[in-house]
Amino acid sequence: MEYNSKNIEKNWQEYWEANKSFEPSEDFTKDKKYILSMFPFPSGRLHMGHVRNYTLSDAFARYYRQQNFNVLHPIGFDSFGMPAENAAIKNNADPKEWTYDNIDYMKKEFKTLGFSFSKERELATSDELYTKFEQGFIIDMFEKGLLYREKGLLNWCPTCQTVLANEQVIESCCWRCDTQVVKKDMNQYYFKITNYADELLDDMKKLEGGWPKQVLTMQENWIGKSNGLEFDLYLDDESKAKLGNNFEKFDVFTTRPDTIYGVSYTALAPEHDIVTYMIDNSLLDADTIAKIKEMKNSSSIDRQKEKSGVSLGINVIHPLTKKLIPVWIANFVLMDYGSGAVMAVPAHDDRDYDFAKKYDLPINAVIKPKDGELNLEKEAFTDRGILFNSGEFDGLDSKKSQYNIIKYFEENNIGRKTTNYKLKDWGVSRQRYWGAPIPFIHCDDCGIVMEKKENLPIALPSDVEINGEGSPLENHPTFKKCKCPRCGKDATRETDTMDTFVESSWYFLRFCASKANWEDEAFSKEQISYWMGNGGVDHYIGGIEHAILHLLYARFFTKVFRDLGYLDFDEPFGRLLTQGMVLKDGAKMSKSKGNTVDPDELIEKYGADTARLFILFAAPPTQELEWNDSGVEGSYKFIKRFFDRSSNAKKCDAKPSIEHSSLSKEEKFARRKVYDALVRANDVYNERYTFNTMIAGVMEAMNALNAQKNEDVWSEGYWILTSIMEPVIPHVCWEISKEKFELKNLTKQKVLEEVFVEDSITLGVSINGKARTEIEVAPDAQKDEIIAMAKDAGAKWLEGKTIVKEIVVPKKLVNLVVKG
RNA sequence: GCGACCGUGGUGGAACGGUAGACACGCUACCUUGAGGGGGUAGUGCCUUAGUGGUGUGAGAGUUCAAAUCUCUCCGGUCGCACCA
């Protein structure tokens, strides 16, 4: 029979669907595996990155099913978001229709790829049912004080006409459309993620080993915890008077309290309250005000180019020396970190140094190197050293003195130990249509009032006008109109919708619900503790681009849900596998570059099995995958050979038993290669994830099988190899398995130790670590015997030398160390 | 600037301190089939005076009986963060 990928694949896809082959069991006494790939946005068609992602998760899911685990391998669509609205504007389409049409198409693609997803748990986050549960959680979070509304300076993308979270601003441009982000003062809802900063940081210890180091480091940097001293700088009387006695002090934060005696000026952010007051009350000359305005308006990139500032003509009193210190504005001081004011120590900080040099401010050294001379001619000395010119702290090590100085400040009640974070609260409201409405109501009398849970979901109206100008919900004639749930008076519904990252922060929990309670609740506690027990999602697979945003938010939601009593663990994803990008001609596949390969065309030409095999064989999952058309061809040929040669196996409903000792050398070798492949496969699925080496092992076994003719060895070989390969190339393996083995071999395979027992072993012989020759020894040969043989075989290189050391590495090699 | 990862044939990549280059792609020669394509056999790091030879994992040093692998310095690349006080 000829290998015909189309018929084979179609038949099995129908079979799996008809038999509901991939639905998880509700028997919670079985051991479980929760295999999850990051769900897609329904952009319209799958790209190769998706195919790689789901091929990986499918391999895990199918493997663990064979190992008799209860496997949950669900899929859904992250279906809210801007592209649906953009399509609406561009093509005058309905965002909902656009979205659900795309979903239908992509589901068909999933089917043609043979992915073993649970069909019963499919969802789209734009489903009203999903919105209903999500809005319920939002209300709970508001009640707990984890969601609040506040006016503030926000990142606004003029193109997308919406607010962006800090995490969505990349080099001060919009993460999606690359437009320069501007600051806008407006009301916005925030999640109190900063409450969890410490826990998000500390719990990363639990993820070590399971998550890539890189991702952990990125999150750690993002949270950006730093410990230090916070203290107040008091204005002198003259300065107070100048400011109309409206200000008495401002506070500063430093991680280098050891440099406190070196403070020679202080600097405020251009947006600082004191600066605003001085501008408003004409306390600065026009020239200065113009400079400040320029600083405020320049982008953060421009701000980095060169340090600049102006003196404010006011002074503060040094907390220890009581000397007067001038107050400046500096463009490098950020309003949104610490208190927007810094103490400046030019001698021991690079930025302060540059600034002081530019404006000719004093540079007071207070730390000297432990050895060598202090030289401040060209740059600041920022290393650890010994304190001097520092009063009672003179002579102390700079690191150790930090403790003493903080203690001194605390004892004298002039400052305190503080921790600062780069992490900001997560701004979640968006001024867009295609998102989950925030279920709140504005009442003139009651303020912000939550919708009653029985009224959820607050669904999106369908009759909206989307033209890219303003918020469609804001402009909608009736959506806004409602009654206050508390007092019953006329009130206004919130028209902001939620950031789509809210949906993806809990979808993995939703998948734990089954058909039985799907409509009634988001999930049950029992379901959650079963599927998420023992370390959460067992294998979470997706792109590294989510290292911060999605993965941090999902960790945050998990901790919040725990504190709301919905679950009782701390971390959602025990093991994370971040796949590399798919490249062609050295660049990421993209439509604009014209270097894409369309999965549908590939399947049409070669079949899904070929696509899956190539993707897993071409590179280890974490590395970039360079697309190679002749490599695809090679994968196709392998499958064809694999199928053709299955005719050498006989029909049987159990693995044939074989008398190993009666076999020829080639037959024994073939068996050993088959079991080698099995051992390697188990190792790959459980530890290493290097599917390329597993497939190579199977190819080696195939080559060895082909060098002998024993039908039982062929049959046993196919019994095992189709089991190993089923997670990779499922269609052809089910076909062979049905044809030859009544589908009975797609199960856990036992490793037979007998095939590894060999008649003789080849050992390498090295002399002084250099490989020279080989010897054949009996498996049970003693060390003395082996060394004697090695000396004999290596006589040529040993002539006239003295052996000073003899090393035997069992089953590997002999190394003789010689002198002379 | 800081941090993480990486550097092995013509290419993708193997080698979990123990005979570097598994497995594939590509290429060469031959056989088969005889449009094309397919299948098979052999060869394929480099240098070679062709030896049972030399050399070789970005460069250099170190640890070790033994280093692509561990340590240090440097060079190069990828990604992330970036005036975070």
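Note on naming: letters A, B, ... go to the chains in the order of the sequence lines (proteins, then strands), and numbering restarts at 1 for each one. Reckoned from all heavy atoms, side chains included, excluding hydrogens, waters and symmetry mates.
A/Val345 comes within contact range of no nucleotide atom at all, as no heavy-atom separation falls under 4.0 Å. Within 4.0 Å (heavy atoms only), A/Glu633 reaches no atom of the nucleic acid at all. Note on A/Ser766: nothing from the nucleic acid sits closer than 4.0 angstrom, heavy atoms only. As judged by a 4.0 angstrom heavy-atom cut-off over every strand, A/Pro212 is placed among residues making no nucleic acid contact. Within the 4.0 angstrom heavy-atom criterion, base atoms lie near A/Lys307. Across all strands shown, A/Lys422 has heavy atoms under 4.0 Å from base atoms, whether or not it also approaches the sugar-phosphate. Among the protein residues, A/Phe617 comes within range of the nucleic acid bases, having at least one heavy atom under 4.0 Å from a base atom. The residue A/Asp629 sits apart from the nucleic acid: no heavy atom pair falls under 4.0 Å. Residue A/Glu687 is out of contact with every strand shown, counting any heavy-atom pair closer than 4.0 Å.
Here the side chains of A/Lys584 and A/Val597 are in contact, with some heavy-atom distance below 4.5 Å. In this structure, the side chains of A/Ser766 and A/Arg772 stay at 4.5 Å or more apart for every pair of heavy atoms. Counting only heavy atoms from C-beta outward, the side chains of A/Arg351 and A/Val342 never approach each other to under 4.5 Å. A 4.5 Å side-chain heavy-atom check between A/Val679 and A/Asp683 finds every atom pair outside the cut-off.
Nearest to the side-chain atoms of A/Trp797 among the listed nucleotides B/G53, B/A14, B/U19 stands B/G53. When the nucleotides B/G13, B/U19, B/C16 are ranked by their closest atom to the side chain of A/Thr762, B/U19 comes out on top. Closest to the A/Phe253 side chain, of the nucleotides B/U19, B/C81, B/A85, is B/A85. Counting only heavy atoms from C-beta on, A/Arg641 has its side chain closest to B/G40 among B/U19, B/C23, B/G40. For A/Ser630, whose side chain is taken as the heavy atoms from C-beta onward, the closest listed nucleotide among B/C25, B/G18, B/A85 is B/C25. The side chain of A/Met699 has B/A24 as its nearest neighbour among B/A24, B/A85, B/C25. Which of B/G13, B/G18, B/U52 sits closest to the side chain of A/Lys796 comes down to B/U52. Closest approach to the A/Ala771 side chain among B/A20, B/U52, B/G40 is made by B/A20 (side chain taken as heavy atoms from C-beta onward).
Atom P of nucleotide B/A15 and atom CG of A/Asp676 are separated by 14 Å, given to the nearest angstrom. Between A/Leu813 atom CG and B/A20 atom C1' the separation is 13 Å, expressed in whole Å. Summarising the geometry, the separation between CZ on A/Phe642 and C1' on B/A24 is reported as 16 Å, rounded to the nearest angstrom. Here the P atom of nucleotide B/A24 and the CD atom of A/Glu700 are 8 Å apart, to the nearest Å. At whole-Å resolution of the value, CG in A/Asn331 and P in B/A85 are 17 Å apart. Between the CG atom of A/Leu216 and the C1' atom of B/C5 there is a distance of 14 Å, given to the nearest Å. Between A/Met204 atom CE and B/G3 atom P there is a gap of 16 Å when expressed in whole angstrom units.
When each of A/Thr690 and A/Met218 is assigned the nucleotide of RNA chain B with its nearest heavy atom, A/Thr690 is the one assigned upstream, toward the 5' end. Along RNA chain B, the nucleotide nearest A/Leu763 and the nucleotide nearest A/Leu334 are compared for position; the residue whose nucleotide lies closer to the 5' end is A/Leu763.
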(request) For each nucleotide in nucleotides 60-74 of chain B, reading 5' to 3', give B when a protein heavy atom comes within less than 4.0 Å of its base, S when such contact involves only the sugar-phosphate, and - otherwise. (result) -----BS--------

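Between A/Arg688 and the phosphate of B/A15, there is a side-chain N or O to OP1/OP2 separation shorter than 4.0 Å. A close approach under 4.0 Å does not occur between any side-chain nitrogen or oxygen of A/Asn221 and OP1 or OP2 of B/G80. For B/A22, neither phosphate oxygen OP1 nor OP2 lies less than 4.0 angstrom from any side-chain nitrogen or oxygen of A/Asn703. Distances shown here put a side-chain N or O of A/Lys213 below 4.0 Å from the OP1 or OP2 atom of B/C5. In this structure, A/Arg772 reaches the B/G54 phosphate: one of its side-chain N or O atoms is under 4.0 Å from OP1 or OP2. Within the 4.0 Å cut-off from OP1 or OP2 of B/G3, not a single side-chain nitrogen or oxygen of A/Gln214 is found. The side chain of A/Thr217 places no N or O atom within less than 4.0 Å of a non-bridging phosphate oxygen (OP1 or OP2) of B/C81.
Distance check on atom P: B/C25 versus B/G38 gives 11 Å, rounded to whole Å. A distance of about 24 Å separates the C1' atoms of B/G21 and B/G60, rounded to the whole Å. Using C1' as the reference atom, B/C27 and B/C75 are 33 Å apart when rounded to the nearest Å. Taking atom P in both B/G51 and B/U44, one finds a spacing of 15 Å when rounded to whole Å. Rounded to a whole angstrom, the distance from the P atom of B/G13 to that of B/A29 is 29 Å. When the C1' atom is used for both B/G9 and B/A68, the distance is 14 Å, rounded to whole Å. Atom C1' of B/U48 sits at a distance of 10 Å from the matching atom of B/U55, rounded to the whole Å. Remark: the separation of the C1' atoms in B/U57 and B/U69 is 10 Å, to the nearest Å.
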(request) Whenever both distances are under 3.5 Å in a Watson-Crick or G-U wobble pair, mark it; put RNA chain B into dot-bracket that way, with [ ] for crossing pairs and | when the partner is on another strand. (result) (((((((..(((.....[....)))(((((((.....)))))))(((.....)))..(((((..]....))))))))))))....

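Glycosidic conformation of B/G40: anti, with the torsion beyond 90° of 0. With a glycosidic angle no more than 90° from 0, B/G51 adopts the syn conformation.
Aromatic pair A/Phe691/A/Tyr685: ring centres closer than 6.0 Å. The six-membered or imidazole ring of A/Tyr718 lies near that of A/Phe642, with a centre-to-centre distance under 6.0 Å. Checked against a 6.0 Å centroid threshold, the rings of A/Phe501 and A/Trp426 do not count as neighbours. Aromatic rings of A/Phe638 and A/Phe617 (six-membered ring for Trp) have centroids beyond the 6.0 Å cut-off, not under it.
Salt bridge A/Asp676/A/Arg680: absent, no basic N to carboxylate O contact under 4.0 Å. Using a 4.0 Å cut-off between charged nitrogen and carboxylate oxygen, A/Lys213 and A/Glu208 do not count as a salt-bridge pair.
With respect to A/Ser339, the side-chain hydrogen bond (donor to acceptor under 3.5 Å, both in side chains) criterion is satisfied by exactly one of A/Asp232, A/Asp251, A/Thr418, A/Asp273: A/Asp251. Applying the side chain to side chain contact (heavy atoms under 4.5 Å, CB included) test between A/Met48 and each of A/Ile615, A/Thr596, A/Asn53 identifies A/Ile615 as the sole match.
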(message) Show, in sequence, the C-alpha distance, side-chain angles and deciding distance for A/Glu806 and A/Lys783, and conclude whether the salt bridge (Lys or Arg N to Asp or Glu O under 4.0 Å) test is met.
(response) CA-CA 10 Å; A/Glu806 296 156 345; A/Lys783 194 177 170 182; over 6 Å; no

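With a 6.0 Å cutoff to the six-membered ring centre and a 45° limit on the axis angle, A/Lys225 does not count as a cation-pi contact of A/Tyr421.
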